[in-house]
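Take a look at the structure set out below.
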Amino acid sequence: MDEIEVPQYFICPISLQIMKDPVTAITGITYDRESIEHWLFTNQNTTCPVTKQPLPRDSDLTPNHTLRRLIQAWCTQNASLGIDRIPTPKPPLNKIQVLKLLKNLNDPKSLMQLELLAAQNERNKKCLLEAGVPKAMIMFIVNCYKKGQIQKGLEEVLSILQFIKIPAEECPLLLKENDQILDSLTWVLSLDEVENSVAVKSHALLVLKKFANKGDTCHVLERLKPEFFERIVKILRHGVTQQGLSAALQVLLSACPWGRNRIMMVEAGLVYELVEIELGAPEKRVTELTLAILFHLCSCANGRAKFLSHEGSIAVVTERILKVSAAVDDRAVFVLSLVSKFSGTNAVPQEMLKAGTVVKLCMLLQADHAKYLKDKAMEILKAHSETIFSEMSSVGILDLHYKGSCRTALAVCSSEPSSFVLSA
């Protein structure tokens, strides 16, 4: 191929390969369809790659049949040199074809065809969206829930909803039209007997996240039922895909502002599972979500009690300070503040001292953090200074690191943050 001179106008300006399906944009430049659609829809660009002129994502891409025939003829002439002939592209998917498939959703073959079309290219996704496929898929799930039976094609339906995202503006409208959508998705989360249950539940969680993250769906979030949280907690306990885990945590965080939701989360055993997730050293985003939810749950007495009942809770939250992100530092300090402030015994400050919390808080005072967070860290240390002093006197001189922590805390409690350095 390197020795063959390819006419320059056969080459796509984006891929720099011979075009298979040349289309001309409104700017007058011709591109290979796959490349320009990827540029517009996947990369979310709104300008022409060559001219830099505005190129809206909904603008027409006109097939350049003349150029395609020239390319095909050239390929045929050079077949002896190893050039493969470019096949004639299939006609683009149209709305009539999609509507025909939607009329036969009870046939698993129709759903498999829709899934295949959704996975092929961005042009198909746009056509499926315009034909109302997301709404049809949601109603399929609702009908399964109403019948109380797993219908063939449920996995494909949820998969299609990953390829074709429900437009954000449609979520509130769908919830208004049918108040059983969240109940239906909650039902899917309970389907242990379904084939590929982990993937099915993960996809259901991603759909739930789409509905939960919209600010104008709060009227639904404030009416959630205990089984909603029980099923999510069960999924967290038994494992889910990474995407599903992140989606589950985002759904839970969206539900946290309501006190009744927090109580149901605590009663469902969520606090324990969140600590267990953190003990598994998850990725950054998961830790940020976990700590954010723990902050909300520790704002109630039962949440704090459940948090402290886990032997590794204080230690794992302490360990995350200054290691993940500023957001995690913020939530971790406030979690520790809540559990220590409302503790009626010395057990919490003693555990914080043993877990190295005192050292971490002192390090945070010297780090580049906001004043309010340093004030909160100082507040924790000062509130429990007597316990720190008592522990220092009872430890003995052999545990030098532990004693050094206490001396540092003593300095903190009697000085400004800038007037001390950590004990060696």
Side-chain angles (χ1 to χ4, degrees), residues 90-212 214 217 220 225 227-228 231-232 234-235 240-241 243-244 247-248 251:
K90 294 180 181 180
L93 182 67
N94 59 59
K95 192 173 181 179
I96 295 175
Q97 292 173 284
V98 178
L99 292 176
K100 186 177 179 181
L101 290 170
L102 290 178
K103 286 181 179 179
N104 298 298
L105 287 185
N106 290 327
D107 182 359
K109 290 182 180 178
S110 293
L111 288 168
M112 291 174 67
Q113 182 66 21
L114 285 169
E115 183 184 20
L116 184 63
L117 290 168
Q120 280 181 348
N121 55 55
E122 296 296 332
R123 181 176 70 254
N124 284 359
K125 290 178 186 177
K126 182 181 177 183
C127 181
L128 293 168
L129 179 61
E130 291 173 350
V133 169
K135 182 178 179 179
M137 298 302 102
I138 289 292
M139 294 315 299
F140 182 95
I141 298 170
V142 171
N143 289 331
C144 287
Y145 165 67
K146 287 179 178 178
K147 294 175 183 176
Q149 57 183 259
I150 303 169
Q151 196 167 332
K152 274 192 173 183
L154 181 60
E155 183 178 356
E156 285 79 11
V157 164
L158 288 162
S159 175
I160 290 168
L161 286 171
Q162 304 317 304
F163 287 115
I164 314 166
K165 305 300 182 184
I166 305 171
E169 63 275 9
E170 284 189 20
C171 290
L173 297 175
L174 284 170
L175 289 171
K176 278 185 179 180
E177 292 173 7
N178 196 308
D179 59 1
Q180 292 185 308
I181 291 177
L182 289 192
D183 288 339
S184 303
L185 291 168
T186 304
W187 170 74
V188 174
L189 298 181
S190 69
L191 300 178
D192 296 326
E193 67 275 20
V194 70
E195 191 175 352
N196 298 324
S197 64
V198 172
V200 167
K201 292 176 183 179
S202 295
H203 287 159
L205 286 166
L206 286 162
V207 177
L208 270 172
K209 182 188 77 170
K210 188 69 176 179
F211 285 105
K214 282 298 295 175
T217 60
V220 177
K225 301 172 183 177
E227 52 263 32
F228 177 85
R231 286 169 185 173
I232 292 183
K234 184 179 178 182
I235 289 172
V240 70
T241 65
Q243 270 191 319
V251 170

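Keep in mind the model is a prediction, meaning the values are calculated, not measured. Keep in mind that the numbers below use all heavy atoms, side chains included, and drop hydrogens, waters and symmetry copies.
Checked against side chain to side chain contact (heavy atoms under 4.5 Å, CB included), I141 has the following partners two or more places apart in sequence or in another chain: L154, V157, L158, L161, S184, L185, V188. For E227, the side chain to side chain donor-acceptor pair (under 3.5 Å) criterion is met by no residue, not counting sequence neighbours. Considering only residues two or more places apart in sequence or on other chains, Q97 meets the side chain to side chain donor-acceptor pair (under 3.5 Å) condition with N94. The side chain to side chain contact (heavy atoms under 4.5 Å, CB included) test applied to L173 returns no partner, not counting sequence neighbours. The side chain to side chain donor-acceptor pair (under 3.5 Å) test applied to R123 returns E37, not counting sequence neighbours. Remark: E156 engages no residue in a side chain to side chain donor-acceptor pair (under 3.5 Å) (not counting sequence neighbours). The side chain to side chain contact (heavy atoms under 4.5 Å, CB included) test applied to K95 returns L99, A131, not counting sequence neighbours.
Residues I166 and C171 have side chains in contact (heavy-atom distance under 4.5 Å, counting atoms from C-beta outward). Taking the side chain as every heavy atom from C-beta outward, F211 and V251 never approach each other to under 4.5 Å. In this structure, the side chains of V98 and L102 come closer than 4.5 Å at one or more pairs of heavy atoms. K225 is listed as a side-chain neighbour of D183, based on a closest heavy-atom distance under 4.5 Å. Between E155 and K152, the closest side-chain pair of non-hydrogen atoms is not below 4.5 Å. Inter-residue side-chain proximity for L93 and L128 is flagged as met; some heavy-atom pair is nearer than 4.5 Å. L114 has its side chain within reach of M137: a pair of non-hydrogen atoms, C-beta onward, lies under 4.5 Å apart.
Sorted by first and then second residue, the pairs that involve residues 198-208 and meet side chain to side chain donor-acceptor pair (under 3.5 Å), not counting sequence neighbours, are D192-K201, S202-T241. The side chain to side chain donor-acceptor pair (under 3.5 Å) analysis of residues 127-148, with sequence neighbours excluded, yields the pairs K135-E177. Pairs of residues two or more places apart, or lying in two chains, that qualify as salt bridge (charged side-chain N to carboxylate O under 4.0 Å, His left out) and include a residue from residues 110-122 are E122-K125. Residue pairs meeting the side chain to side chain donor-acceptor pair (under 3.5 Å) criterion with at least one partner in residues 98-107, sequence neighbours excluded, are N106-Q151.
More than 12 heavy-atom neighbours from other residues, nucleotides or ligands sit within 6.0 angstrom of CD on Q180. For K234, the NZ atom sits in a loose shell: 12 or fewer heavy atoms of surrounding residues, nucleotides or ligands are nearer than 6.0 Å.
Under a 3.5 Å cut-off, the side chain of N124 and the backbone N or O of A118 do not form any donor-acceptor pair. Between the side chain of T186 and the backbone N or O of L182, at least one donor-acceptor pair lies under 3.5 Å.
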Show your working on side chain to side chain contact (heavy atoms under 4.5 Å, CB included) between L117 and L101 and close with a plain yes or no. CA-CA 11 Å; L117 290 168; L101 290 170; 3.8 Å; yes
Check: What's the verdict on side chain to side chain contact (heavy atoms under 4.5 Å, CB included) for L208 and L189, showing C-alpha distance, side-chain angles and the deciding distance?
Finding: CA-CA 10 Å; L208 270 172; L189 298 181; 3.8 Å; yes
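L129 and K165 make their closest contact through CD1-O, 4.0 Å (heavy atoms, listed as atom of the first residue, atom of the second, distance). The two residues G148 and W187 have their closest heavy-atom pair at C-CZ2, 4.2 Å.
To the nearest 0.5 Å, atom SG of residue C127 and atom CD1 of residue I164 are 9.5 Å apart. Atom CE of M139 sits about 11.5 Å away from atom CG of L105, to the nearest 0.5 Å. Here I138 contributes atom CD1 and E170 contributes atom CD; the two are 10.0 Å apart, rounded to the nearest 0.5 Å.
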